[in-house]
Amino acid sequence: MKQPLLPKVAAGCFSLLLAAELFSFNSGFAAVTAPPDDGKLRIICFGAHPDDCELQAGGTAAMWAAKGHHVLFVSVSNGDIGHWRDAGGPLARRRKTEVDAAHKILGIKGEVLDIHDGEVLPTIENRRMLTRLIREWKADIVMGHRPNDYHPDHRYTGVLMQDAAYMVTVPHFCPDVPHMKKNPAFFYYPDNFKKPNPFQPDVVVSIDSVMEKKLDALAIMESQFAEGGANGSAELMPSDPEKQKARRAAVREGFDKRNQNIANRFRAKLGEWYPGEQSEKVKHAEAFELCEYGAQPNQTELKRLFPFFD
Ligand SMILES: [Zn+2]
């Protein structure tokens, strides 16, 4: 039976409606519907802001979705300080609208938690929230940031994901949501930070077949990219329509390059997944590193979780 995700998460002793209201009030959740138990893969990706999951895993998500697998992108903060001019509720609403439209293009579900941008912390409440979401989604795969990153929200989202990696299996932690019998596999997104250790991918996926779709999804998030987000300025998107067109084209090209750079940076690893000359032909890629704290799939199992290598 399809159940709204969060009301069920909230607390078994309340009526569904009351619980939904309470949860909406506390966390800003809309009722995300948990996917059916249809044997398909279930993936939940956490990003600190409404744009992180899309940037890091938008292509792979679109490929999973095209094969009927169930993907949920969760932004842990609402992004309400992520603009040079706008802020607060109006910005959070704008970013939610943008990211919803992006998810529609990618063919996936999305959720934005109502935590202020710049204020994500690894609290017990947030550990519970992520644990419940992973359990309710019955995730096979969980993704998030590494805990060493320039942005505190990224770091603590990474810590929260790691904190959930064992707790999802502990029956008496959040006993209102059934614990997981099997730990999911947890993965990190790439970054360029080297201390204390650089990102080392375990899986590198060619996203050439969906690159245009990913670029379309990213293009919709104008508050972040065309307008430059927190460090942007009015000059980036002047009123002249020709200049706006040029700016949008430059943003699109920048993201195209970004995924080309990932393919080039991890070309050797691509060779382990795409035999012979195939790996040389990959132009755009996304890369993921397996976290040591969850399930530890072998190569065969990784191919089941990332069914893109046949
Ligand atoms: Zn971010």
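A quick note: this is a predicted structure, and the numbers were derived from the prediction, not measured. Indexing begins at 1, ligand by ligand and atom by atom, following the structure's order. The chain is numbered in sequence order, starting from 1.
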message: Hydrogens and angles aside, do His70 and Asp38 bring a side-chain donor and acceptor to less than 3.5 Å of each other?
response: yes
- request: Step through the shown structure and confirm whether more than 12 heavy atoms of other residues, nucleotides or ligands are within 6.0 Å of CG on Asp240.
  value: yes
- request: Mark yes when over 12 heavy atoms from residues, nucleotides or ligands other than Tyr166 sit less than 6.0 Å from its OH; otherwise mark no.
  value: no
Short N/O/S contact of His154 with the Zn ion (ligand 1) (below 2.8 Å): yes
message: Looking only at N, O or S atoms in His49, which is nearest to the Zn ion (ligand 1)?
response: ND1
query: Looking at the Zn ion (ligand 1), which N/O/S atom of Asp52 is the nearest one?
result: OD2
- prompt: Mind checking whether Gln162 and Pro147 have side chains closer than 4.5 Å, heavy atoms only?
  reply: yes
